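Below: the structure, in C-alpha cells.
Note that this is a predicted model, so its numbers are computed, not measured.
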Amino acid sequence: MSVDRLPGLTKLYVWSVVLEPMLFFVLFASNVTGVTGNVSRLLQAVVVLVLVTRLAVRLLTPNIRLPRSSWRWSLDHTYLEYVGLAVVAGVIGALSGAFDVPLQSPSGIVTYASTLNSALVRPLFEYVIAVYYFWYFVVLPRTMLRTPRQLDYLFKVFGGMFVLSFVVGVIGLSSAALLGVEIVPRHLYDLRMVGARFHGLAGEPRHAFVFLFLGLAMLHLRAWYHGRRLWRGWTPLIIGAAMLTQSAAGFFGIAAFVAMLVAQTLRRMSFRRIFQLVTVVLVVGALTVLAVRNLPRAQMYAANLQGVWQALEQRDTLPGALASQGDSVYPVYDLVLKIREGDLLPVVVGSGLGSAAAANKRLVVDATEAGNPNSQFVRLLYESGLVGTVLFILAFARPVARLTRDLPPPVRHRFMTLMLLVLGCGLGFRSAAPFIFLGALTAVMLVRRDSGH
C-alpha cells in the first residue's frame, strides 16, 4: 500500500494529532463553545464520530466479530490510577467546599459556553478531558498507526509541519526584531501579535516552547526508527529558539525536567549517567543565567518577585508582569494557607480536577477573569496533591521503561530522557505534547514488534 492509498481516517487522525499543539490554527475562542476551537479539534471530532459509528454498526450487525485489540500490550495502568485518585480527591473536595465559587460570569460568553464553564459542569468536564487525552493520543495510536506506512505518514506530516513552523518562527522573529514589523499572529481568530519573541505556528511563545521540544523528541524518534542519526544542528537550533520565546513557563518546565532526570539517574547509578546529568545541569544552569541577564521578560519577572508575598497576604493585585500569571500563583498560595492551618489532606491527595479554577475565582482580585492555571504542575499539585503528581509523572515514565526494556541501555536512556524533557515542558505549561510523544513511541514499538525487530 502506498502512502497515497492510506485510509482517509488514518490521514485525518495523523493531521489531528500533528495540529493539536499548533495553536496558530485556532479558529474561535472558548467564549463561543466553552473550549478553544482549532482545526485539530474539528478533525478529532470527525475521527471520533467515524469510530463511534463503526463501533455501533458492528455491534448492531449480527455475525460480525469485533477485531482483537492490541491495546493491552505494554499498557501501563498508572494513568488510570491517577484518574481514580483524582475522582476520590474530587469527592473530598466537593464535601469540603473546594468547588464553592462566587456566582459571577464574565461578559461576552454565550449561554452554552457559560454552562460548560460553570462551577457544577466544568469540574466534571475536566475528568472527561483527562480520560480523553489519554485515550486519543496514547491508546488510539495502537490501532490507528499499526503499519510502517502509517508511521511513515505520521513522521512525514509532523516533520514537514515542524520545519514549516520553525522557518515561519525565524522569519517572524527576524522581521519583528530587525524591522519592527510583526507578520505572524499568535492565532488566526484574533490576529494578535506577540512582539519580538519566537513562536512560529505554535500559538503563543509559551506554546512554542513545548512544541519545540516535542519536535526534538519526535525528530529523534523518527531518526532512530529509520536507522539514522539525527542531524546534530537541530539540538542547538531548538534550544536557541526556545530561549528566544522568553517563556517563564518554559524555563520552569526545564527545571522540572532536570528534577525528574536527577530522580531517574539516582535510581540507576552509573558513571556515564552521572556525567550526562552533571552536563545537563551545568548547561541548563548556564542558559538560565544567560536568559535572566539578557532577556527582558526574564528580568521583568525577576524584578517583580519581591512583592509577591505581601500582595498575596493583603489580597492585593500581584505586582507588575506577575499579575497576568495570577492563575498559577493563587492555588499555590491556597495550599500554603492549608498547610499553615494544618489541613494536610488536600495537600496529599488534592481537591479534585477543576478545583484550582474554583480557588482562583475565590482568591483572584478580579474573580470574573480567573480560570485554570496555565501551569500543569500547579494544577496537578492542587487538584491531585503530592500523590497524584507523582502518579501523573510515573504514568509517562513507566510505559517508556516497559516499551524500551529490550533495547540497548543507551537507547533506553535516550528515550526516557526525551520523555522526561517533553513531560517537563508539559508541566511548565499544559499541553498534549507528553501524550502525543508517548503515543508515537508506543506505535513505533508495536510496529517493530510486529515486524520481528
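- Here E204 pairs with R186, R206 under the side-chain hydrogen bond (donor to acceptor under 3.5 Å, both in side chains) rule; sequence neighbours left out.
- Partners of F137 by ring-ring contact (aromatic ring centres under 6.0 Å, His included), not counting sequence neighbours, listed by chain and number: Y133.
- Taking 4.5 Å as the limit, some side-chain heavy atom of P409 sits within range of a side-chain heavy atom of R412.
- Taking the six-membered ring where the residue is Trp, the centroids of F158 and W15 are separated by 6.0 Å or more.
- Remark: the backbone N or O of L6 is not paired with any side-chain donor or acceptor of T10 at under 3.5 angstrom.
- Scanning for side-chain hydrogen bond (donor to acceptor under 3.5 Å, both in side chains) contacts around D334 gives K338, Y382, with sequence neighbours left out.
- The ring-ring contact (aromatic ring centres under 6.0 Å, His included) test applied to Y333 returns W309, not counting sequence neighbours.
- Side chains of P21 and L214 form a contact here, defined as non-hydrogen atoms less than 4.5 Å apart.
- Between F435 and Y79, the ring planes lie perpendicular to each other; the angle is over 60°, past the 30° to 60° tilted range.
- Considering OG1 of T404 and CG of L441, their distance stands at 7.0 Å, rounded to 0.5 Å.
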Give the table of side-chain donor-acceptor pairs shorter than 3.5 Å for residues 249-260, with sequence neighbours excluded, one pair per line with atom names and distance.
none

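- Formation of a donor-acceptor pair under 3.5 Å by the N360 side chain with backbone atoms of D327 is found in this model.
- Of the inter-residue distances, the one linking L230 atom CG with L216 atom CG reads 7.0 Å to the nearest 0.5 angstrom.
- Without hydrogens or angle criteria, T147 side chain to Q150 main chain gives a donor-acceptor distance under 3.5 Å.
- Rounding to the nearest 0.5 Å gives a distance of 11.0 Å between CG of L80 and CG of L391.
- Annotation for V422 and F213: closest pair CG2-O, 3.8 Å, computed over non-hydrogen atoms.
- Counting heavy atoms from C-beta on, the side chains of L55 and L51 never come closer than 4.5 Å.
- In terms of heavy atoms, P185 sits closest to H199 at O-CE1, 3.3 Å.
- Looking at residues two or more places apart in sequence or on another chain, you find a side-chain contact (heavy atoms from CB on, under 4.5 Å) between V50 and L9, V46, R54.
- Not one N or O on the side chain of S384 forms a donor-acceptor pair closer than 3.5 Å with the backbone of A86.
- The list of side chain to side chain donor-acceptor pair (under 3.5 Å) pairs with a residue in residues 385-394, not counting sequence neighbours, is empty.
- For the side chain to side chain contact (heavy atoms under 4.5 Å, CB included) criterion with S351, the lone passing option out of P331, P346, P123 is P346.
- In this structure, the separation between CG on N38 and OH on Y189 is 11.5 Å, given to the nearest 0.5 Å.
- When the side-chain hydrogen bond (donor to acceptor under 3.5 Å, both in side chains) test is applied to W224, no partner is found at least two apart in sequence or on another chain.
- With contacts defined as side-chain heavy-atom distances shorter than 4.5 Å, the pair M22/S165 qualifies.
- With T143 contributing its side chain and L140 its backbone, the two residues share a donor-acceptor pair below 3.5 Å.
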Step by step, work out the side-chain hydrogen bond (donor to acceptor under 3.5 Å, both in side chains) result for N372 and E126. CA-CA 10 Å; N372 281 314; E126 290 292 340; 3.1 Å; yes
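- Within the 4.5 Å cutoff, no side-chain heavy atoms of V128 are placed close to those of L124.
- Ion pairing between E182 and R197 fails under the 4.0 Å rule for side-chain N and carboxylate O.
- Between L237 and W231 there is a side-chain heavy-atom pair separated by less than 4.5 Å.
- Side-chain N or O atoms of H413 include none that pairs as donor or acceptor with a backbone N or O of P408 at under 3.5 Å.
- Taking both residues in full, the closest heavy atoms of V444 and L151 are given as CA-CD1, 3.7 Å, listed atom of the first, atom of the second, then distance.
- Looking at S355, its side chain never comes within 3.5 Å of a backbone N or O of A98 through a donor-acceptor pair.
- Of all heavy-atom pairs spanning M161 and L19, the tightest one is CE-CD2, 4.0 Å.
- Scanning for side-chain contact (heavy atoms from CB on, under 4.5 Å) contacts around I92 gives V88, L345, V349, with sequence neighbours left out.
- A donor-acceptor contact shorter than 3.5 Å is absent between the side chain of E383 and the backbone of L380.
- A heavy-atom distance below 4.5 Å is not found between the side chains of Y153 and Y13.
- Residue pairs meeting the side chain to side chain donor-acceptor pair (under 3.5 Å) criterion with at least one member in residues 426-441, sequence neighbours excluded, are Q376-R430.
- Ring orientation note: the planes of F392 and Y82 are nearly perpendicular, at an angle over 60° on the 30°/60° scale.
- Taking the ring-ring contact (aromatic ring centres under 6.0 Å, His included) definition, one finds that H220 meets it with nothing, sequence neighbours left out.
- Of all non-hydrogen atoms in I183 and G172, the two that sit nearest each other are CG1-CA, 4.1 Å.
- The aromatic ring centroids of H187 and F24 lie 6.0 Å or more from each other.
- Using a 4.5 Å heavy-atom cutoff, the side chains of R448 and L407 are in contact.
- Of all non-hydrogen atoms in A433 and V210, the two that sit nearest each other are CB-CG1, 3.6 Å.
- Atom OG1 of residue T417 and atom CG of residue L421 lie 8.5 Å apart, to the nearest 0.5 angstrom.
- Every residue two or more places apart in sequence or in another chain that forms a side-chain hydrogen bond (donor to acceptor under 3.5 Å, both in side chains) with Y132 is listed here: Q44.
- Here F209 and F198 keep their ring centres 6.0 angstrom or further from each other.
- Going from atom NE2 of H207 over to atom CG of L23 covers 5.0 Å, rounded to the nearest 0.5 Å.
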